[in-house]
Amino acid sequence: MPTAVLTDRERTAVQAYLRLLHTVRAAFAGDDHGCGPAEPPAVPPAVPPSVLAEAEAALEGAGLAGNEEEFFRMVREWHPGA
């Protein structure tokens, strides 16, 4: 049975994933302030490679690479709105 307390490495992985998630959401939101229909961006949104690399490294460091089910369970428990 999994524990509700995350290890330091698990917490780091969850935090890195949440940073990645917020970065992606911000990139896709662009200048859309909810004032009318959203226009497609002239340039596709980009996520900085460093943010993606941080999340990947944190997953590997926590031993969660390839174990998405366990990882997303931890994300839901730690940050239910993610």
Side-chain angles (χ1 to χ4, degrees):
M1 171 176 250
T3 177
V5 178
L6 301 179
T7 66
D8 288 342
R9 288 183 177 186
E10 290 170 341
R11 187 173 25 264
T12 298
V14 169
Q15 290 171 331
Y17 168 75
L18 292 173
R19 278 191 291 279
L20 175 61
L21 180 63
H22 294 302
T23 301
V24 169
R25 285 181 178 166
F28 278 94
D31 292 328
D32 181 24
H33 300 291
C35 301
E39 294 292 326
V43 176
V47 175
S50 61
V51 177
L52 185 55
E54 175 195 18
E56 289 177 352
L59 278 173
E60 286 183 26
L64 294 165
N67 192 352
E68 291 81 6
E69 184 177 336
E70 176 66 11
F71 174 68
F72 286 116
R73 180 196 60 76
M74 284 189 273
V75 170
R76 283 190 302 274
E77 287 178 2
W78 202 60
H79 194 282

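For the single chain, residues carry numbers from 1 onward in sequence order. Quick caveat: nothing in here was measured; it's all calculated off a predicted structure.
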For Val47 and Val51 the tightest heavy-atom approach is CG1-CB, 4.4 Å
Closest heavy-atom pair, Thr23 versus Pro48, reported as atoms and distance to 0.1 Å, is CG2-CD, 3.7 Å
Glu10 and Val5: which non-hydrogen atoms are nearest, and at how many Å?
OE1-O, 4.3 Å
Arg11 CZ: over 12 foreign heavy atoms closer than 6.0 Å:
yes
Interatomic distance, Glu69 atom CD to Leu64 atom CG [nearest 0.5 angstrom]:
12.0 Å
Salt bridge (charged side-chain N to carboxylate O under 4.0 Å, His left out) contacts in which one or both residues fall within residues 43-67, not counting sequence neighbours
Arg19-Glu54
For Ala16 versus Ala58, what's the shortest heavy-atom pair and its separation?
CB-CB, 3.9 Å
Between Glu77 and Arg73, does at least one N-O distance fall below 4.0 Å, as a salt bridge requires?
yes
